[in-house]
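Have a look at the structure below before the remarks.
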Protein chains: 2
Amino acid sequence: MPETARRTDRLAGSRYGNRPTMKDVAARAGVGLKTVSRVVNGEPGVTPETERRVQEAIDALGFRRNDSARVLRKGRTASIGLVLEDLADPFYGPLSRAVEEVARAHGALLINGSSAEDPDREQELALALCARRVDGLVVIPAGDDHRYLEPEIKAGVATVFVDRPAGKIDADVVLSDNYGGARDGVAHLIAHGHRRIGFVGDMPRIHTAAERLRGYRAAMEDAGIEVADAWMSLGVTDPQRVRRAAEEMLSGPDPVTAIFTGNNRVTVTAVRVLAEHKRPVAVVGFDDFELADLLQPGVTVVAQDAAALGRTAAERLFRQLDGDLITPERIELPTRLITRGSGELPPRD
Amino acid sequence: MPETARRTDRLAGSRYGNRPTMKDVAARAGVGLKTVSRVVNGEPGVTPETERRVQEAIDALGFRRNDSARVLRKGRTASIGLVLEDLADPFYGPLSRAVEEVARAHGALLINGSSAEDPDREQELALALCARRVDGLVVIPAGDDHRYLEPEIKAGVATVFVDRPAGKIDADVVLSDNYGGARDGVAHLIAHGHRRIGFVGDMPRIHTAAERLRGYRAAMEDAGIEVADAWMSLGVTDPQRVRRAAEEMLSGPDPVTAIFTGNNRVTVTAVRVLAEHKRPVAVVGFDDFELADLLQPGVTVVAQDAAALGRTAAERLFRQLDGDLITPERIELPTRLITRGSGELPPRD
DNA sequence: CTCGCATATGACAACGTTGTCCAGGCTCTA
DNA sequence: TAGAGCCTGGACAACGTTGTCATATGCGAG
């Protein structure tokens, strides 16, 4: 009873109602299936008259080509995936936007998802995107082991990691110069006379945090300053703990006169704490943020160019897809010190 | 010569190298195709022993189910589309994130794109998403005519508009209470003694801008204040022109003592201008923004809940998909006045 | 007038998966 | 021990599209 079979089948898959297909269009226009395909894809070899008839049928039925079928047949999806940490974080907005812009220029759509800083979720997402057969993948790593992507990469999925390096596999990576930027920022404070400089940053297991810490240490060492343990606060990002950490550094027998903060969230909280503080304390933060110039004093920052990170990564991705590249590369983009006042305050004891 | 045909065909679609298929897995495991499908989908009716063999073959070959084919067969993509204005705008980050969160809870992926405020691009994007057969669409309108979506909606694509209403079609809409919020904000200024209150906002052809302007007028009228044309500046968003507009209102024979700003970009620029101004001028802005509390004085705002907008829209979308709903609805979410100082300054002439 | 050629069109298979249906082997019971 | 019923596994078609190839049509040249 094929009739029944068909009906059941239809029902199971009928989330769309029944959309017209090329076959329907062909029937209505009184032409062959392939002719419709030709018209839809602008292929040559169709008389203007035939084309008109087909176009009419398309409009009348509200036909829209089913790209799933097309993808299945052609093998390419013209879409790329973006796995990022948190879309709500203002740092990733411009990055994501830049990736999308490049994708668009290459006629591709962007599918994205947030890992919420959870390695398992990152993997789940990345693999889901691969199952969709995205042509390529831009990943902002949450975890530090990406071997799970090996079969995908081998199968031809272009892959670029951004902001943090890939773990345990050889792949393209686009990073900011976290080490150099932090070093410059801290050196800037030292140049303005500070010697007791605090560092508040994320857990060193996060690559960017580790690099920035390394930059801090290097700048201090360059200046011949020995760093006291009490000046460093690692693995601290939530406002309450940042607050406590900053307050501890500022009190005690040997209080810091300046603080270097490891990312924008920490910077903002630190600035809040310092605003309540009696003595002015110098601050340089890693990451720029909106309105940093409007605060009193303006906040001096080491800025990374999020859009450039995204753009560079996406362009690299499409070059992979075009078959241009062979050897994975590590690209480091420079940071920029923006002086606004808070980093130029002299030490006050 | 079918051999040749096959080879050419392969080449055309071989962006992925040749990924293993269920057929390959079946061959390697020595079972039938459908058995592999059963294992992959966790369907019952497979002996543990068989399952083990299949799983082994899957791992060995690095097989990953091709969701394109799956989609084609099943009719659902388990993905939804989001068309927004600009991912780099901090307002849309939390909104997008909220949509994604709901999608994830329903096992769906999120595909998104930015319209860059261009109606043509919005349409192009929305239709591209429909061609991918997304199950549903969340649209932040750039244009004001959405009849192009009618065939899609009729075909069963769930659709919800957010932040601005749909144009010329009947559909679900989730909005902030722009009118009420603006009215409250302006009333707040009036309550603090202001009578000459300026308004700087976007072009009234944008729905939100028009509603906020309407709220401004209503509050003024309620207080029996006649609004002078010179107090209103419409269609002004780029920093330079906002600057000029604000300066004009503040000079002249009858300067305003307070300004109500129509969105966060305008607010920020206005605050910049006022920071340079000699006399303190009160400000209330529509839209909250990060660090508004840290400025001197803190900026009083009418806050909308971007995340709630996204969440509400997405939930509505999935209820449509579950077939719960029939009649399109217009949902308005309340705004919240957050007082921080700038809106409580008394008038000074 | 006919042959050859170019051009327009259609038939058909294939992409990789899932739903349906059937076959074979097993257990359990009468 | 035979038959009923269950469980496992596989053959096959179908989803909607595109690439290949074959055919039909019309036209100009010989």
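Letters A, B, ... mirror the listed sequences (proteins, then strands); counts begin at 1.
At a threshold of 4.0 angstrom between heavy atoms, the contacts of A:Ser68 with the nucleic acid are absent. Note on A:Val31: only backbone sugar-phosphate atoms sit closer than 4.0 angstrom, heavy atoms only; bases stay farther off. Nucleic acid contact class of B:Arg65 (heavy atoms, under 4.0 Å, all strands): sugar-phosphate only. Among the protein residues, A:Thr47 comes within range of the sugar-phosphate backbone only, with heavy atoms under 4.0 Å from sugar or phosphate atoms but none that close to a base.
With distances taken from any side-chain atom of A:Leu72 to the nucleotides D:dG16, D:dG9, D:dT18, the minimum falls on D:dG16. For A:Arg73, taking side-chain heavy atoms from C-beta onward, the closest of the listed nucleotides C:dT18, C:dG16, C:dA14 is C:dA14. Closest approach to the A:Glu43 side chain among D:dT17, C:dT17, D:dG19 is made by D:dG19 (side chain taken as heavy atoms from C-beta onward). Of the candidate nucleotides C:dT9, C:dT17, D:dG19, C:dT17 has the atom lying nearest to any side-chain atom of B:Arg70. Across C:dC15, D:dT18, D:dG9, the shortest atom-to-atom separation from the side chain of B:Thr35 is found for D:dG9. Nearest nucleotide to the side chain of B:Arg38, out of D:dG9, C:dG16, D:dT18: D:dG9. When the nucleotides D:dG19, C:dG16, C:dT18 are ranked by their closest atom to the side chain of A:Lys34, D:dG19 comes out on top.
Between B:Arg97 and A:Asp86, at least one side-chain N (NZ, or NE/NH1/NH2) sits under 4.0 Å from a carboxylate O, which counts as a salt bridge. Under a 4.0 Å N-O distance rule, the pair A:Glu329/A:Arg319 does not qualify as a salt bridge. Taking the charged nitrogens against the carboxylate oxygens, B:Glu100 and B:Arg311 have no contact shorter than 4.0 Å, which rules out a salt bridge. B:Glu117 and B:Arg164 are joined by a salt bridge, as a carboxylate oxygen and a charged side-chain nitrogen come within less than 4.0 angstrom of each other. Using a 4.0 Å cut-off between charged side-chain N and carboxylate O, B:Glu56 and B:Arg52 make a salt bridge. Ion pairing of A:Arg147 with A:Glu152 is absent here, as no side-chain N (NZ or NE/NH1/NH2) approaches a carboxylate O to less than 4.0 Å.
Protein atom CZ of A:Arg132 is 14 Å distant from nucleotide atom P of C:dT17, rounded to whole Å. Between the NZ atom of B:Lys74 and the P atom of C:dT20 there is a distance of 11 Å, rounded to whole Å. Atom pair A:Met22:CE and C:dA14:C1' shows a separation of 16 Å (rounding to whole Å applied). The NZ-P distance, from A:Lys23 to C:dG10, rounds to 15 Å in whole Å. For A:Glu49 and D:dG26, the CD to C1' distance is 17 Å, given to the nearest whole Å. One can place CZ of B:Arg133 at 21 Å from P of C:dT17, the figure rounded to the nearest angstrom. Taking atom CG of residue B:Asp67 and atom P of nucleotide C:dC15, one finds them 19 Å apart after rounding to whole Å. Note: CG (B:Leu33) to P (C:dC21) measures 18 Å, nearest angstrom.
The 12-atom threshold is exceeded at CG of B:Asp59, counting heavy atoms of other residues, nucleotides or ligands nearer than 6.0 Å.
Five base pairs at each end of the helix from C:dC1-D:dG30 to C:dA30-D:dT1 define two local axes, and these are offset by 50° (rounded to 10°).
Under 3.5 Å, the side chains of A:Asn41 and A:Arg65 contain a donor-acceptor pair of N or O atoms. A donor-acceptor contact closer than 3.5 angstrom is absent between the side chains of A:Glu124 and A:Tyr148.
Ring planes of B:His146 and B:Phe161: perpendicular class, angle over 60° (limits at 30 and 60°).
Of the residues in residues 55-63 of chain A, those lying under 4.0 Å from DNA chain D by heavy-atom distance are A:Phe63.
Residue-to-nucleotide proximity on DNA chain C shows that, of B:Arg64 and A:Glu51, the 5′-proximal contact is made by A:Glu51. Nucleotides of DNA chain D nearest to B:Gly30 and A:Asn41 differ in position, and the one nearer the 5' end is that of B:Gly30.
Here the closest non-hydrogen pair linking A:Phe318 and A:Ile80 is CZ-CG2, 3.9 Å.
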